[in-house]
There are 2 protein chains.
Amino acid sequence: MDQSDRPNEREREAALPNKSAVPISLVTIKAACSQCSLHELCISEGLSKEELAKLDSLVGARRKLKRQQNLYRAGDPFEALYAIRSGFFKTDVLLEDGRDQVTGFQMAGEILGMDGIGTEVHSCNAVALEDSEVCVIPFAQLEQLSREIQALQHNFHKVMSRELVRDQSLMMLLGTMRAEERLAAFLLNMSQRFTTRGYSPAEFHLRMTREEIGSYLGLKLETVSRAFSRFQEEGLIAVQQKHIRIIDGAGLKRLLNARPR
Amino acid sequence: MDQSDRPNEREREAALPNKSAVPISLVTIKAACSQCSLHELCISEGLSKEELAKLDSLVGARRKLKRQQNLYRAGDPFEALYAIRSGFFKTDVLLEDGRDQVTGFQMAGEILGMDGIGTEVHSCNAVALEDSEVCVIPFAQLEQLSREIQALQHNFHKVMSRELVRDQSLMMLLGTMRAEERLAAFLLNMSQRFTTRGYSPAEFHLRMTREEIGSYLGLKLETVSRAFSRFQEEGLIAVQQKHIRIIDGAGLKRLLNARPR
DNA sequence: ATATCGTATTGACATGGATCAAAGCGACAG
DNA sequence: CTGTCGCTTTGATCCATGTCAATACGATAT
């Protein structure tokens with residue numbers, strides 16, 4: 001695989017995507033969008049120097065989370081959005097009867113917490129799936145600043161809208177696809193998002209369990225496991241626990257499109 | 001049923017929710033949020049007189065759609081949001097292989113088109129399920145005005161966020177519920193939304209086919225039909241084609257919560 | 001090394017919903 | 001009134017995925 005010039009997913013931890021040379025670990029504790037290597041993925045995208053400076057002064061401290069720690073829980077009062085600086089999260093919703101559903105997996109550069117805007121209360125749980133760090137963006141101040149900075153306002157609207165579109169795809173997946181199609185779509189989506197962040201499109205480490213994947217895809221963990229095994233038998237991927245190598249990406253894509261039923 | 005003091009869903013057509021006395025048919029063709037009976041449900045909620053006036057001047061003409069007409073299609077350039085003034089819509093997404101999925105049903109007071117903000121292109125189709133009318137809200141101008149009017153900005157953000165939360169519930173439904181639970185959830189949701197608009201919570205007319213309901217709920221039309229029949233046998237509802245009367249709403253709710261698996 | 005614990009794999013079987021097929025019903029045109 | 005068309009209902013069967021259970025694997029601790 002084309003691993004040579006890309007950081008290995010396995011040991012990357014807080015390492016940077018290769019599009020920047022600034023190591024995160026040396027950056028000050030206070031968030032600084034102006035210096036952030038992710039800012040092309042984030043709401044700071046396309047802002048001028050002065051605008052970035054204003055955003056810097058808005059964005060509060062960073063917050064570190066250990067694996068399995070909650071960033072927020074359903075029912076928590078909503079105060080801020082969170083930009084993921086490093087790490088990996090899941091969001092999930094709990095039903096009274098104990099059933100739950102993972103509604104998304106989020107990685108560096110993505111925004112968490114928008115579910116709380118409408119009701120002032122978070123509607124889902126956000127949990128770190130590995131040690132992670134987020135920038136805290138107090139929402140009232142974000143609204144205020146985005147009244148001053150058109151580009152910021154528009155970026156924010158775009159992020160929310162893209163989230164709506166993402167949800168549409170997931171509904172499509174949950175409503176119309178069979179187990180193997182769902183998993184293929186999931187793997188391709190992961191691959192694509194890792195690629196955007198400068199990692200290998202073909203080899204990555206899943207941070208979530210089979211059960212979490214299953215919950216996200218509306219399947220049982222056994223079905224997920226079987227589908228992985230099947231893909232492996234067919235030479236589409238190599239699986240070793242949470243380590244995935246995509247051997248035949250085109251084959252996975254074919255699984256998605258060639259299902260007339 | 002508590003029909004006496006509420007308009008009958010069957011014949012209401014363009015009639016108003018009973019919270020207002022202004023008949024729509026007499027209102028000028030140009031949209032006027034300041035006079036709109038729905039404005040408590042819409043982005044104009046809570047604005048002052050002067051702010052409403054500004055919004056009026058922004059909101060473009062209204063647009064009438066006949067049943068089955070598209071408001072927009074996937075791929076259309078995004079220019080405006082649409083506030084539903086009267087009528088009933090569905091949104092759906094098409095896959096290359098012909099499969100499609102209804103992603104939502106929208107009624108008066110709700111906003112359509114937000115899927116297009118992120119990419120400047122609509123990602124789904126919006127189709128009128130009955131003769132309908134929408135207010136056209138040019139988006140660039142909405143952004144501009146919401147930089148001036150804090151309440152407008154916040155309303156808009158709330159609407160988008162609530163849409164995200166709605167999508168979460170649908171994912172939950174598609175990912176974890178069985179056929180009858182899905183349909184019960186659907187009926188209760190419809191009932192609740194009709195209620196908000198001043199109609200009977202217990203009796204309403206569905207504008208969509210069994211197939212569209214099925215597509216929305218991730219089920220086949222036969223399964224939807226069978227579930228309706230089952231509910232009727234059990235005395236939960238009375239169905240006659242598209243006309244639904246909820247007899248035992250509590251029973252429907254029980255179906256939702258009491259399923260430990 | 002060995003024990004333990006969470007996670008993953010695999011097999012055997014059960015079942016809910018899909019599929020296929022045939023009527024039934026209501027609205028509308030002629 | 002009669003025929004047509006789209007939609008809905010209902011029945012018979014099939015199959016993908018869920019369920020239950022056993023085993024395996026890998027990391028960590030002892």
Side-chain angles (χ1 to χ4, degrees), chain A residues 10-11 67-68 90 98-102 127 129-130 173-184 186-187 205-234 237-244 255 259-261, chain B residues 10-11 67-68 90 98-102 127 129-131 173-187 205-234 237-244 255 259-261:
Chain A
R10 212 110 187 228
E11 296 97 33
R67 193 174 120 80
Q68 303 292 32
K90 72 168 176 183
R99 282 181 290 187
D100 71 343
Q101 164 108 3
V102 172
V127 184
L129 292 183
E130 63 182 8
L173 178 147
L174 292 168
T176 75
M177 293 186 184
R178 312 144 124 271
E180 295 195 357
E181 296 179 86
R182 295 184 194 194
L183 195 65
F186 170 76
L187 289 174
H205 184 76
L206 296 174
R207 273 78 176 173
M208 69 296 277
T209 66
R210 300 288 188 263
E211 185 167 19
E212 285 163 336
I213 297 172
S215 171
Y216 180 62
L217 299 178
L219 301 170
K220 290 293 157 182
L221 67 100
E222 294 95 329
T223 307
V224 173
S225 181
R226 277 186 247 271
F228 271 130
S229 302
R230 197 113 198 289
F231 287 174
Q232 180 151 247
E233 280 166 32
E234 289 166 357
I237 63 174
V239 199
Q240 206 180 7
Q241 303 278 116
K242 295 191 157 72
H243 188 77
I244 304 286
L255 264 185
R259 299 230 107 258
R261 186 113 314 199
Chain B
R10 213 106 187 232
E11 295 98 33
R67 194 173 120 81
Q68 302 293 31
K90 72 168 177 185
R99 281 180 292 187
D100 70 343
Q101 165 109 4
V102 172
V127 184
L129 292 183
E130 62 182 9
D131 294 358
L173 178 147
L174 291 168
T176 74
M177 292 187 183
R178 313 143 125 272
E180 296 195 355
E181 296 179 85
R182 294 184 195 195
L183 194 64
F186 170 75
L187 288 174
H205 183 75
L206 296 174
R207 274 79 174 172
M208 68 296 277
T209 65
R210 300 288 188 262
E211 185 168 19
E212 286 163 335
I213 297 173
S215 171
Y216 180 62
L217 299 177
L219 302 169
K220 291 292 156 183
L221 68 99
E222 294 95 329
T223 307
V224 173
S225 179
R226 276 185 248 271
F228 271 130
S229 302
R230 197 114 199 288
F231 286 173
Q232 181 151 248
E233 280 166 31
E234 289 165 358
I237 63 174
V239 199
Q240 206 180 6
Q241 303 280 116
K242 293 191 158 73
H243 187 76
I244 304 286
L255 264 184
R259 301 230 107 258
R261 183 110 316 201

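Just so it is clear: chains get the letters A, B, ... in the order the sequence lines come, proteins before strands, and each one is counted from 1. Every value quoted in this text rests on a predicted model; they were computed, and no experiment measured them.
- Atom NZ in A:K220 sits roughly 5 Å away from atom P in D:dT19 (whole-Å rounding).
- DNA chain D is contacted by both B:E211 and B:R226; B:E211 maps to the nucleotide lying nearer its 5′ end (nearest heavy atom per residue).
- Rounded to whole angstrom, the span from the CD atom of B:Q240 across to the P atom of C:dG26 amounts to 7 Å.
- B:L255 places its CG atom 15 Å from the C1' atom of C:dG16, with the value rounded to the nearest Å.
- Counting non-hydrogen atoms under 4.0 angstrom, B:S225 reaches a base of the nucleic acid.
- Among B:V102, B:V224, B:T209, the single residue meeting the side-chain contact (heavy atoms from CB on, under 4.5 Å) criterion with B:S215 is B:V102.
- To the nearest angstrom, C1' of D:dG6 lies 17 Å from CE of B:M208.
- In this structure, B:T223 does not reach the C:dG16 phosphate: none of its side-chain N or O atoms is under 4.0 Å from OP1 or OP2.
- For the pair A:L187/A:F228, a side-chain contact is recorded, criterion being any heavy-atom separation below 4.5 Å from C-beta on.
- Straight-line distance from the CZ atom of A:R67 to the P atom of D:dT28: 10 Å, rounded to whole Å.
- Straight-line distance from the CZ atom of A:R178 to the C1' atom of D:dC14: 12 Å, rounded to whole Å.
- When the P atom of C:dA27 is taken as reference, atom NE2 of B:H243 falls 13 Å away, rounded to whole Å.
- Atom pair A:E180:CD and D:dC15:C1' shows a separation of 14 Å (rounding to whole Å applied).
- No side-chain heavy atom of B:L255 sits under 4.5 Å from any side-chain heavy atom of B:L183.
- Using a 4.0 Å heavy-atom criterion, one finds that A:E222 contacts the bases of the nucleic acid, with or without backbone contacts as well.
- Ranking D:dC7, D:dG18, C:dA18 by closeness to the B:K242 side chain, first place goes to D:dC7.
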* Would B:R182 and B:T223 satisfy side-chain contact (heavy atoms from CB on, under 4.5 Å), going step by step from the backbone distance to the final call? -> CA-CA 11 Å; B:R182 294 184 195 195; B:T223 307; over 6 Å; no

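- Here the closest non-hydrogen pair linking A:M208 and A:L129 is CB-CD1, 3.8 Å.
- Within the nucleic acid shown, B:L221 comes within 4.0 Å of at least one base atom, counting heavy atoms only.
- Within 4.0 Å (heavy atoms only), A:G214 reaches no atom of the nucleic acid at all.
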